[in-house]
Amino acid sequence: MKPRVQRCRSRRGLMLIELLLALAVTGMVAAAMSSMLWAVSYGTSSSKGLRALAVKTKTLQSRLGGAIRGAAMVLDAGEDFLVLWVDDADGDGQPSLHEIQRIDRDVQTQTLIAYAASETAQDVVYPLTTDFDQVTRALMGDATFPGQPWATQVSGWSITLNQSDPQQASLVSYRLTLAADEVSETAIGAVALRR
């Protein structure tokens, strides 16, 4: 009788070890599954964010390209701004306030903003020797030269012209970076002026 009791006791001990091993394996499988599900979820949200950013970048590229392509001349340009002579509407051969557009990146808010004269603004004619950066910078955000935001989350924007004198340039190259959360999208483009 004694050997049978010992076998039962040893069998119960073996069952407890089996149960503990089964729980440990189940826990490892559950941990692996949860980390895989988290990775898939993170990847899906990242790709959605990247797709949205790509659409936003393409839209901004189109808008920027249209503004540059339609301009008669680049009046001034810097690292993060561009002053365009949109059109010589009055035919006098000199830019006036109503014919000027400034595209500027606000570094603090990371917003690309286009400034143009309001319809009620008094029109002022400028000779081509004017410092258009200084003139338009002084007017930016004023009631006579209000801004319209084109895009937010613009973490970088740089401009290169094919001529050292902006007014002689016929090609504007740019590099544009938009960033949201942990994803970013960079677009590089070149646009020829219509002249």
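Sequential numbering from 1 along the given sequence is applied to the chain's residues.
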Novice: Within this structure, what is the CG-CZ distance for the pair Leu60 and Arg63, rounded to the nearest 0.5 Å?
Specialist: 8.0 Å

Novice: Take Leu193 and Leu171, measure what side chain to side chain contact (heavy atoms under 4.5 Å, CB included) needs, and give me the verdict at the end.
Specialist: CA-CA 6 Å; Leu193 278 79; Leu171 185 71; over 6 Å; no

Novice: Mind checking the CG-CE spacing from Leu23 to Met28? Nearest 0.5 Å is all I need.
Specialist: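 CE of Met28 is found 11.0 Å from CG of Leu23.
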
Novice: What do the steps show when you test Thr152 against Lys56 for side chain to side chain contact (heavy atoms under 4.5 Å, CB included), and what is the final call?
Specialist: CA-CA 9 Å; Thr152 57; Lys56 189 175 180 178; 3.1 Å; yes

Novice: Given the rule that I, L, V, M, F, W and Y join up when any side-chain heavy atoms are under 4.5 Å apart, are Val124 and Met73 in one cluster?
Specialist: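 Same hydrophobic cluster.
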
Novice: Among Asp90, Leu84, Val83, Leu75, which residue satisfies the side-chain contact (heavy atoms from CB on, under 4.5 Å) criterion with Pro95?
Specialist: Leu75

Novice: If you take all heavy atoms of Thr57 and Ala187, which pair is closest and at what distance?
Specialist: CG2-CB, 3.5 Å

Novice: Calculate, to the nearest 0.5 Å, the distance between atoms CD and CG belonging to Gln94 and Leu128 respectively.
Specialist: 6.5 Å

Novice: Please answer: with hydrophobic residues joined when any side-chain heavy atoms are less than 4.5 Å apart, are Phe81 and Val86 in the same cluster?
Specialist: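 No; tracing contacts between hydrophobic side chains, which count when under 4.5 Å, never links both residues.
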
Novice: Between Trp150 and Leu64, does a side chain to side chain contact (heavy atoms under 4.5 Å, CB included) hold up when you go through it step by step?
Specialist: CA-CA 9 Å; Trp150 276 6; Leu64 191 57; 4.1 Å; yes

Novice: Would a distance-only check, ignoring hydrogens and angles, find a side-chain to backbone donor-acceptor pair under 3.5 Å from His98 to Ala116?
Specialist: no

Novice: Please check if the number of heavy atoms outside Gln134 that lie under 6.0 Å from its CD is greater than 12.
Specialist: no

Novice: How about Val154 and Thr111: do any of their side-chain heavy atoms sit closer than 4.5 Å?
Specialist: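 No, every pair of side-chain atoms sits at 4.5 Å or beyond.
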
Novice: Would you give the length of the straight line joining atom OG1 of Thr160 to atom CZ of Arg175, rounded to the nearest 0.5 angstrom?
Specialist: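 These two atoms lie 10.5 Å from each other.
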
Novice: Over all heavy atoms of both residues, which pair between Gln101 and Ala114 is shortest? Give the atoms and the distance, please.
Specialist: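 Of all heavy-atom pairs spanning Gln101 and Ala114, the closest is NE2-CB, 3.8 Å.
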
Novice: Quick one: closest heavy-atom pair of Ser34 and Ala31, and the distance?
Specialist: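 Taking Ser34 first and Ala31 second, the nearest heavy atoms are OG-O, 3.0 Å.
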
Novice: Is a side-chain donor-acceptor pair under 3.5 Å present for Ser170 with Asn162?
Specialist: yes

Novice: Can Ile159 be reached from Val191 by stepping across I, L, V, M, F, W or Y side chains whose heavy atoms are under 4.5 Å apart?
Specialist: yes

Novice: Assess, by modelled atom type and distance only, whether the side chains of Gln61 and Tyr174 contain a donor and an acceptor separated by less than 3.5 Å.
Specialist: yes

Novice: In this structure, which one of Asp104, Ile103, Leu178, Asp80 forms a side-chain contact (heavy atoms from CB on, under 4.5 Å) with Leu112?
Specialist: Ile103

Novice: So does Ala89 get a backbone contact from the side chain of Glu99, meaning a donor-acceptor N/O pair under 3.5 Å?
Specialist: yes

Novice: Going from CZ on Arg105 to CH2 on Trp157, what distance comes out if it is rounded to the nearest 0.5 angstrom?
Specialist: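 The distance works out to 9.5 Å.
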
Novice: Determine the minimum heavy-atom distance between Ser173 and Ala190, stating which atoms define it.
Specialist: OG-CB, 3.8 Å

Novice: Can you confirm whether Leu82 sits close enough to Ile68 that some side-chain heavy atom of one is under 4.5 Å from a side-chain heavy atom of the other?
Specialist: yes

Novice: Is a side-chain N or O of Thr136 found less than 3.5 angstrom from the main chain of Phe132, in a donor-acceptor match?
Specialist: yes

Novice: Going by atom types alone, do Thr186 and Thr177 pair a side-chain donor with an acceptor below 3.5 Å?
Specialist: yes

Novice: Answer whether the closest heavy-atom distance between the side chains of Leu139 and Leu97 falls below 4.5 Å.
Specialist: yes

Novice: How long is the gap from CD on Gln153 to OG1 on Thr109, to the nearest 0.5 Å?
Specialist: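 Interatomic distance, Gln153 CD to Thr109 OG1, rounded to 0.5 Å: 11.0 Å.
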
Novice: Whether Arg102 engages the ring of Phe145 as a cation-pi pair (distance to the six-membered ring centre under 6.0 angstrom, angle to the ring normal within 45°) should be assessed.
Specialist: no

Novice: Between Thr26 and Ala22 (side chain of the first, backbone of the second, donor and acceptor by atom type, cut-off under 3.5 Å), is there such a pair?
Specialist: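 Confirmed, Thr26 side chain pairs with Ala22 backbone.
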
Novice: Please give me the minimum heavy-atom distance between Leu53 and Ala179, naming the atom from each residue.
Specialist: CD2-CA, 4.1 Å

Novice: Side chains of Ser96 and Asp123: any donor to acceptor distance under 3.5 Å?
Specialist: yes

Novice: Should Tyr126 and Trp85 be counted in the same cluster of Ile, Leu, Val, Met, Phe, Trp and Tyr side chains packed under 4.5 Å apart?
Specialist: yes

